[in-house]
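Structure, as structure tokens:
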Amino acid sequence: MTPRWLVPDWSAAASVHALSTWRDGGVSVGRYASLNLGDHVGDVPAEVAANRRAVRERARLPGEPVWLRQVHGVQVADLDVDLDRSGDGDAAAGVIVPPREADAAVTRRPGRVCAILTADCLPVLFAADRGEAVGAAHAGWRGLAAGVLEATVRALGVPPERLQAWIGPGISARHYEVGAEVREALLHADPQAADQFQPSRPGRFLADLPALARRRLERLGLRRVALSAECTYADANRYFSHRREGPCGRQASLIWLG
């Protein structure tokens with residue numbers, strides 16, 4: 001088998017390329033079977049490297065994706081600045097850049113691949129209308145509450161009305177039960193989002209994370225926000241899900257200019 005993926009259904013410029021991987025088509029085994037792209041989850045490093053190489057070759061990526069060390073925060077890596085400072089400015093050469101602690105990445109140059117790893121959290125991809133900039137953000141509840149989407153839009157430096165976004169595969173409201181403290185954190189910056197939480201049992205709520213993310217983006221001024229409508233928890237054949245499986249692999253959402 002070879003790697004397969006989902007392509008965003010949006011109206012991005014021809015120079016914008018993006019995909020979100022499925023879990024099959026790799027060499028990892030057990031709980032990481034088979035296309036695990038995360039190198040921080042306990043999988044065999046050589047197998048993760050082989051999986052990443054298979055995606056790069058199959059998708060004909062222009063360079064090695066810039067893998068981040070995600071921490072559920074709001075830091076945004078500017079790949080143009082980071083790669084130039086590291087001396088690895090030619091991303092197409094396949095140079096592997098040491099992971100930077102960040103939960104989003106942006107670029108304005110062809111050949112630099114933004115990468116986000118997820119296993120229930122939301123990958124959110126951004127593209128400017130004229131294809132002059134792209135970005136990707138990792139939006140779990142902590143990052144969403146802290147403002148990672150807002151930070152990514154600021155880093156792109158493009159007026160929000162000229163941006164479009166795609167919210168990729170993540171856990172759906174049907175399977176995402178949270179406590180009152182999570183609900184409070186997410187409502188702190190958006191009190192009008194209370195209808196995105198449905199009581200499930202005393203002190204617990206089903207949270208619609210994709211809808212919460214879409215609200216954040218629309219409040220920022222984005223007029224076009226597309227949803228993948230794919231649930232990582234419900235579809236075990238295509239996606240890793242930490243909430244369903246516990247320790248597991250990671251799928252990747254990639255975006256680049258070419």
Side-chain angles (χ1 to χ4, degrees), residues 1-10 12-70 77 79-80 82-84 86-100 102 104-119 123-127 131 134-138 166 168-169 228 230 232 235 237-240 248-258:
M1 296 180 66
T2 56
R4 299 188 297 164
W5 48 75
L6 177 69
V7 175
D9 183 12
W10 62 352
S15 60
V16 175
H17 307 275
L19 61 87
S20 187
T21 62
W22 292 340
R23 67 178 297 170
D24 60 334
V27 300
S28 295
V29 298
R31 66 182 61 180
Y32 308 111
S34 63
L35 191 69
N36 168 44
L37 298 170
D39 64 357
H40 63 293
V41 293
D43 196 2
V44 178
E47 294 181 354
V48 177
N51 291 339
R52 290 180 172 184
R53 183 169 58 252
V55 170
R56 178 177 173 179
E57 293 174 354
R58 176 69 172 171
R60 298 182 179 179
L61 299 181
E64 179 71 22
V66 180
W67 305 102
L68 305 173
R69 190 165 69 253
Q70 299 170 193
L79 302 192
D80 304 337
D82 286 1
L83 289 176
D84 287 345
S86 71
D88 299 331
D90 185 7
V95 176
I96 298 176
V97 179
R100 170 181 166 178
V106 298
T107 183
R108 301 156 203 84
R109 299 187 188 176
R112 298 184 170 181
V113 184
C114 303
I116 293 296
L117 295 170
T118 57
V124 183
L125 304 183
F126 296 85
V134 294
H138 165 234
W166 181 72
S228 72
E230 300 266 313
T232 49
D235 195 342
N237 291 324
R238 288 187 176 179
Y239 300 110
F240 296 105
C248 64
R250 297 292 187 272
Q251 47 263 348
S253 295
L254 311 176
I255 188 164
W256 67 99
L257 294 169

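Note that the coordinates shown come from a computational prediction; the quantities given were computed from them, not determined experimentally.
- Remark: A115 engages P65, W67, L254 in a side chain to side chain contact (heavy atoms under 4.5 Å, CB included) (not counting sequence neighbours).
- When the side chain to side chain contact (heavy atoms under 4.5 Å, CB included) test is applied to A102, the partners found at least two apart in sequence or on another chain are L68, Q75, A77, R100.
- Scanning for salt bridge (charged side-chain N to carboxylate O under 4.0 Å, His left out) contacts around R69 gives E101, with sequence neighbours left out.
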Could you pull out every donor-acceptor pair under 3.5 Å between side chains of residues 40-51 and any protein atom, sequence neighbours left out?
{"unit_1": "D43", "atom_1": "OD2", "unit_2": "S28", "atom_2": "OG", "d": "2.6"}
{"unit_1": "D43", "atom_1": "OD2", "unit_2": "N36", "atom_2": "ND2", "d": "2.9"}
{"unit_1": "N51", "atom_1": "OD1", "unit_2": "V27", "atom_2": "N", "d": "2.9"}
{"unit_1": "N51", "atom_1": "ND2", "unit_2": "S28", "atom_2": "OG", "d": "2.9"}
{"unit_1": "N51", "atom_1": "ND2", "unit_2": "S34", "atom_2": "O", "d": "3.3"}
{"unit_1": "N51", "atom_1": "ND2", "unit_2": "N36", "atom_2": "O", "d": "2.9"}
{"unit_1": "N51", "atom_1": "ND2", "unit_2": "E47", "atom_2": "O", "d": "3.3"}

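- Across every non-hydrogen atom of V16 and G131, the tightest pair is CG2-CA, 4.1 Å.
- Nearest heavy-atom pair across A119 and G249 is CB-O, 3.6 Å.
- Counting only distance, with no hydrogens or angles, the side chain of R31 and the backbone of V29 share no donor-acceptor pair below 3.5 Å.
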**Request:** Applying side chain to side chain contact (heavy atoms under 4.5 Å, CB included), run through W256 and L79 and close with a yes or a no.
**Result:** CA-CA 11 Å; W256 67 99; L79 302 192; over 6 Å; no

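- Formation of a donor-acceptor pair under 3.5 Å by the Q251 side chain with backbone atoms of F240 is found in this model.
- Residues passing the side chain to side chain contact (heavy atoms under 4.5 Å, CB included) test with R238 are W22, E230, D235, sequence neighbours excluded.
- Classified by interplanar angle (parallel below 30°, tilted 30° to 60°, perpendicular above 60°), the ring pair W10/W166 is tilted.
- Listed by chain and number, the residues in a side chain to side chain contact (heavy atoms under 4.5 Å, CB included) with S15 are A13, L257 (sequence neighbours excluded).
- A side-chain contact (heavy atoms from CB on, under 4.5 Å) with P3 is found for exactly one of L19, V55, L37, namely V55.
- For R52, the salt bridge (charged side-chain N to carboxylate O under 4.0 Å, His left out) partners two or more places apart in sequence, or in a different chain, are D39.
- Sorted by first then second residue, the salt bridge (Lys or Arg N to Asp or Glu O under 4.0 Å) pairs that include residues 14-30, not counting sequence neighbours, are R4-D24, R23-E245.
- No more than 12 heavy atoms of other residues, nucleotides or ligands shown are found within 6.0 angstrom of CZ on R58.
- Between P8 and L125, the shortest heavy-atom contact is CG-CD1, 4.2 Å.
- Without hydrogens or angle criteria, T21 side chain to A252 main chain gives a donor-acceptor distance under 3.5 Å.
- Across all non-hydrogen atoms, the minimal contact from C114 to G135 is SG-CA, 4.3 Å.
- What you find for P110 and R108 is that their closest heavy atoms are CD-O, 4.1 Å.
- Contact between V7 and A18 at its shortest, heavy atoms only, is CG1-O, 4.0 Å.
- Side chain of Q70 to main chain of I116: no donor-acceptor pair is present (N/O by atom type, distance under 3.5 Å, no hydrogens or angles).
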